[in-house]
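First the proteins, then the strands, lettered A, B, ... as listed; each starts at 1.
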Amino acid sequence: MDDSIIHVLADQLGRMLDDYCDRTAIHDARSNIFPAAMWHEMDNMGLLTALSPEKQGGSGLAIEEMYPIFALLGYHGVAAPVVETMIANHVLGIFGVAAHSGPQGITADTAILEANGELSGQVRAIGGHRCDKLVLVAHNGDHEAVCIVERAEGCPEFVDLAGSPLAISNQRRRAGGRNAMLPLLAAVRSAQIAGLLRRLLEMSIGYALQRRQFGKTISQFQAVQHMLARLAAEAERSGAAAKLGLKLLASEPIFGAAVAKSVGSDAAMSGAALAHQIHGAIGLTEEFDLGHFTQLLRQFSLDAGSASYWTELAGRQLIDADGKDLWSSIVKLAATSDTQAA
Amino acid sequence: MGLEPSFSARGEVSGELGALRDEVRSFLGERSADWSTRTIAQSWVGFDRQFSLEVGARGWIGMTWPRRYGGGERSWQERYVVLEEMLACGAPIGAHSTGDRQSGPLLLRVGSDQQKREFLPRLARGEISICIGLSEPDTGSDLASLRTSAVPYRDGWKISGRKIWTTNAHRSEFMLALVRTGDADDRRTGLSQFLIDLASPGIEIKGIRDLTGEEHFNEVTFDDAYVDRAALVGRQGEGWQQVTAELAMERSGPDRFMSNFMLLPALLDCLDGDADRLAAMRLGEAICNIAVLRELSVSISGDLATGALPDVKAAIYKELGVSFEQRLPAMVREAAGEHLSPRLVALLDDIDRISPSFSLRGGTREIMLGIIARGIGVR
C-alpha cells in the first residue's frame, strides 16, 4: 500500500477539520445537528468511500494503513458517523455492493436473517441517530449477507430489526462465528481514542500552564505535573495499541482488535478522568469543550466491545490453544505484523 | 497537526529471525530445567557467571558491537530476539546483561580506544561484570548531589566516598562509577565517570541482605583508592551527560516489562477450558499489554540503534512497563482463584520479594514522571 496517498489525504483532512471543528461545530454536535457542509467536503475528498474497493466506486485503501485518518477524526472530536460510514462501505464492498456516501450507521451485534427474508433481533446501532441507512451483517447459520436497512429518520441507539425495510446482498459462506464489523470497528475506535487523548493532553497542558492558584500556575505543582505525565503516557500507549491492532486485523483479527480495544478503552477511561481532575470544575461546564471530548472517549470505550469483552476473548483463545505456549503466541503477533509491514 | 505516536516503529523484529530464535530456545531449553523459582524470579538480576560464559561463547553478548572489539556486528533486531528469549524463560543473565545493555555501549560511545580493546572483548565473552555505581547514602533520586570524589594524585586519581545499593558489586570485577571531580556547587558539570577495578587497595564491599534473604545490593567504600589516569571514561566534567545517555539505554529494554513474565505460563498451567471469565480476562489483559509494551520497547531499541537517546520516550515506556509488571502478580492471583500449583505459589512468593524494586531500579516512578513532565513542557 502506498502510504503517501494516505498522508496526502490526512493533510487535506487535517486542514479541513481545522476550519470546520470550532466551538460552533462542537455545540452543533452536542445538539445533534448534522454537519452537512463538513460531510459534503469529506465526500468530495473521497474519504467516505476510501475503504471501498475501486470496483464499487471507492479508493480501495487498506484499513490497516489508515491510523492517521482515524486519529485526526478523534483529535477533532468528530461525532458524525464518518468512520461508521467508511466501515459500512468497506463491508459493502466485500459483498460486492456499491458504496454509498450518505451517513450510515453500523452494528457490531449479531443479527439473524430469517427464512422469510426478514431480520430479527435487537441490535445497538452505532452512529445511528444521524444515519439514513443502517448497514449490518446478518446470518442464517451457515451463510451471511450484508443488509441495508432503510432509516430515513435515523434510528434509536437500540433498534428492533423485525419488519425493517431492507436490501440484502448475495450470501456467502459464513467465516468464523463473529460479525466481521466487530473487530474492524474495535480497532478503528482505538485509533480515534488515541487522537482524542492527544487532544486531551494538549488541552490539559494548556489549562495547567494558564490557571493560577496559590500564586502560581498549577503546572508548577508536582501533583499536577504527574497527572499530566500519566495522561501523556496513556496517549502514547493508546496510539501504539491502535497501530498494532490495525496492523494485525488482516491476519489475527481477534487478537488485533483485543490489543487495540482493551488497551485503548482502559486508556480512554483513565485519560478522561485525569483530564477532568486537572481541569477542575470548569471542565464540567457546557460552555467549555472538555466534556464533548471526554464524552466521546467514554462512548468509544464501550462501542464494539469493552476492554473486558476483548481481554476475555483473547484469554479464552490462549487457554484453549494447543500446546499452550504463551510466549510463542506473543512472538507470533509480532512476527505476523512484520510480515504485514514488509 | 501530526498525530503519529512517538513510538512509531523505526524498524521491526522480524519473523525472519526464526532460526536464531530457535537456536536460543534450544540452548535455553537444556539449561532452564535446573532453575529454581527463585532463580527465575530474579531473572536479569540473577548472577550466574558460568551461564554468562556459555552465552558469550555463542556470540550472544555484545552482538551489535564491532568485530575488532569482540562483537558480532549483528543487527539490533537479532540482539533483541536473544534478549527477549532469555527474559521469557527467566534466565539468570545478570552477570552479563548490564555490560551488554549499557556499559559496553557507553564505552563504544565515549570510551578510549584502549578501554574498548581492553574491556569490550572480555565483556562479550562473559568473563567480566561491571556494576553501576550511582546511588550514595545521601544520594538517591537526587543524583547530582553525590559526594564521592576523585582528586588528581600522581599520574591518576584518588577516590573517596561511599556508593550504596550497587547491585552485584560483590561479584563484579569492575564498577562504572559517577563521582565528583569539580566544584560541589557545580551540580552537573563537576561530575565524571570512572571504570574502577574493584580489586584495587582501599575498596571495601559489604553485602546488604534483602527481602529474598540473599545479598544483591552492596555498600562500597572508597578510602583514597588510587586509579590510573586511564580509568577516566569519556571526558572529565561530562559525567552527567554521559550518565543521562546511559540511563536511556538502561530504561529501554524488554527487561522493563518482562521481569516476571514467567508467572503467566505458570498460571496457564493451572487453567483449563472451564476457566471462569475473570481468569480469561486477566490472562488476555496481560497478553494485550505485553504486545503493546513490546512495540514500545522495539521502537526505542530502533531509536538507540540510530544513535538517538530518547530519554523522554524511555521514561514513558519504563513507567508503563514497570506499572504493568508490578500489577501482574495481583492479576495472576485474581485469575488463579483457588486453582494453584506448588510452582505458581513458589514463584509468586519469590517475585513478591523483588517486585517493589521494579519501580525503583533505574530511576523511581516519581523521577520518570518528572522527566515526562519536562518533556511535555510543564517543568
Side-chain angles (χ1 to χ4, degrees), chain A residues 14 18 67-68 71-72 74-75 194-195 198 201 205 208-209 219-220 222 224-226 228-230 232-233 235-244 255 258-259 262-263 307-308 310-320 324-327 329-331 333-339 341-342, chain B residues 1-9 12-18 21 84-85 88-89 261 264-265 268-269 271-273 275 277 279-296 298-299 313 315-317 319-320 335 366 368-373 375-379:
Chain A
D18 282 339
Y67 174 86
L72 267 172
Y75 177 85
R198 187 67 73 98
L201 178 63
I205 291 171
L209 287 171
S219 65
Q220 289 172 273
Q222 193 180 48
V224 176
Q225 291 173 356
H226 286 189
L228 288 164
R230 283 163 54 208
E236 289 292 356
R237 82 179 175 122
S238 66
K243 289 197 85 164
L244 178 61
F255 273 114
V259 164
S262 68
V263 173
S308 62
W310 287 108
T311 53
E312 182 187 3
L313 211 55
R316 290 234 179 270
Q317 290 214 349
L318 294 166
I319 292 167
D320 297 340
K324 291 192 172 185
D325 183 352
L326 207 56
W327 175 241
S329 307
I330 295 168
V331 171
L333 289 184
T336 316
S337 69
D338 294 345
T339 321
Chain B
M1 167 78 224
L3 291 174
E4 272 303 292
S6 313
F7 290 88
S8 290
E12 274 149 0
V13 176
S14 155
E16 287 165 26
L17 300 173
R21 202 181 282 285
E84 69 176 358
E85 287 296 328
C89 65
F261 174 81
L264 289 170
L268 195 55
D269 283 340
L271 301 176
D272 58 24
R277 177 163 191 255
M281 274 168 51
R282 290 292 175 258
L283 182 64
E285 184 184 348
I287 296 306
C288 290
N289 275 282
I290 285 172
V292 173
L293 289 164
R294 186 179 181 279
E295 289 286 300
L296 302 184
V298 167
S299 164
K313 274 176 74 173
I316 290 174
Y317 159 69
E319 176 52 20
L320 289 170
E366 291 69 31
M368 295 308 109
L369 294 174
I371 293 172
I372 302 167
I376 59 176
V378 293
R379 190 172 151 246

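Residues that satisfy the ring pair (Phe, Tyr, Trp, His ring centres under 6.0 Å) test with B/F261, not counting sequence neighbours, are A/W327. B/E319 is linked by a salt bridge (charged side-chain N to carboxylate O under 4.0 Å, His left out) to B/R365, counting only residues two or more places apart in sequence or in another chain.
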Query raised in the report: Can B/V292 and A/V259 be said to form a side chain to side chain contact (heavy atoms under 4.5 Å, CB included), step by step?
Result: CA-CA 7 Å; B/V292 173; A/V259 164; 3.5 Å; yes
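Within a 6.0 Å sphere centred on CD of A/Q222, other residues, nucleotides and ligands contribute 12 heavy atoms or fewer.
Chain A forms the most heavy-atom pairs under 4.5 Å with one residue out of B/M368, B/E366, B/E285, B/R277, and that residue is B/R277. Heavy-atom pairs under 4.5 Å with chain A peak, among B/A280, B/A315, B/C89, B/G284, at B/A280. In terms of heavy-atom pairs under 4.5 angstrom with chain A, the leader among B/E84, B/M281, B/R282, B/E85 is B/M281. Of the listed residues (A/A314, A/S308, A/A258, A/S238), the greatest number of heavy-atom pairs within a distance under 4.5 Å of chain B belongs to A/S308. Between chain B and the options A/R230, A/Q225, A/Q220, A/R237, heavy-atom pairs under 4.5 Å are most frequent for A/Q225.
Side-chain contact check for A/S219 and B/R379: no donor-acceptor pair (N or O, by modelled atom type) lies under 3.5 Å.
For A/A208, no part lies under 4.5 angstrom from a heavy atom of chain B. Contact of B/I290 with chain A is made through the side chain alone, with heavy-atom distances under 4.5 Å. Interface residue A/S262: only side-chain heavy atoms are found under 4.5 Å from chain B. In this structure, the portions of B/I376 lying under 4.5 Å from any heavy atom of chain A include both its backbone and its side chain.
Across all their heavy atoms, B/A373 and A/A229 have their closest contact at N-CB, 4.2 Å. The shortest heavy-atom contact between B/L369 and A/H226 is CB-CD2, 3.5 Å.
How far CD1 of B/I287 is from OG1 of A/T311: 11.5 Å, rounded to the nearest 0.5 Å.
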